[in-house]
Amino acid sequence: MDRMKIVVLSFILGVVGLFIILFSVHLGTSVADTWLAELGSVSTEVYLARMNGYIVNFQLIGGILFGIGLFSALLFYYKMSISN
């Protein structure tokens, strides 16, 4: 794979991860609202626990993607600077 493609892929992963982290509350609330609409009715505590779980899941996924993107971009930058 071309080095430039790897750097672009790393950048895309980092941006997608950052986007998911920044919008994790909105995404988690949306998924919890969809779950509630399908289920019908639950207690407030159950809804809030489910919503909090979804938000944390989105933050975790975003953090992993952002970390992979940042790490790989820095690694390839370091390798490119050594080879020059």
Side-chain angles (χ1 to χ4, degrees):
M1 187 180 261
D2 187 29
R3 287 184 181 180
M4 194 60 178
K5 289 181 183 177
I6 293 173
V7 172
V8 169
L9 181 64
S10 300
F11 180 73
I12 290 171
L13 276 176
V15 169
V16 168
L18 187 62
F19 176 80
I20 291 174
I21 290 170
L22 292 176
F23 291 99
S24 62
V25 174
H26 177 70
L27 294 170
T29 305
S30 270
V31 174
D33 289 344
T34 303
W35 171 77
L36 182 61
E38 290 174 1
L39 198 60
S41 174
V42 295
S43 68
T44 304
E45 293 83 17
V46 172
Y47 172 75
L48 291 175
R50 179 68 67 131
M51 184 179 63
N52 189 35
Y54 285 133
I55 291 170
V56 169
N57 285 340
F58 279 114
Q59 288 174 340
L60 183 64
I61 291 168
I64 289 170
L65 290 176
F66 182 71
I68 290 171
L70 184 64
F71 177 75
S72 59
L74 290 174
L75 181 68
F76 283 107
Y77 175 75
Y78 176 73
K79 284 187 175 186
M80 287 172 51
S81 68
I82 285 180
S83 66
N84 289 337

I'd like to check the side chain to side chain contact (heavy atoms under 4.5 Å, CB included) partners of [X]; sequence neighbours left out, ordered by chain and number.
{"X": "S41", "value": "none"}
{"X": "L48", "value": "T44, M51"}
{"X": "F66", "value": "L18, I21, L70"}

Are [X] and [Y] in one and the same hydrophobic cluster, where Ile, Leu, Val, Met, Phe, Trp and Tyr link if side-chain heavy atoms are under 4.5 Å apart?
{"X": "V31", "Y": "V46", "value": "yes"}
{"X": "L39", "Y": "Y54", "value": "yes"}
{"X": "V25", "Y": "L36", "value": "yes"}
{"X": "V56", "Y": "L27", "value": "no"}
{"X": "W35", "Y": "I61", "value": "yes"}

Would you give the length of the straight line joining atom [atom1] of [X] to atom [atom2] of [Y], rounded to the nearest 0.5 angstrom?
{"X": "I20", "Y": "L60", "atom1": "CD1", "atom2": "CG", "value": "11.0 Å"}
{"X": "N52", "Y": "N57", "atom1": "CG", "atom2": "CG", "value": "9.5 Å"}
{"X": "Y47", "Y": "T29", "atom1": "OH", "atom2": "OG1", "value": "6.0 Å"}
{"X": "F19", "Y": "L65", "atom1": "CZ", "atom2": "CG", "value": "12.5 Å"}

**Q.** Criterion side-chain contact (heavy atoms from CB on, under 4.5 Å) against S10, the qualifying member of I12, I6, V7
**A.**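 Checked I12, I6, V7 against S10; only one passes side-chain contact (heavy atoms from CB on, under 4.5 Å): I6.
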
Q) Would L9 and K5 satisfy side chain to side chain contact (heavy atoms under 4.5 Å, CB included), going step by step from the backbone distance to the final call? A) CA-CA 6 Å; L9 181 64; K5 289 181 183 177; over 6 Å; no

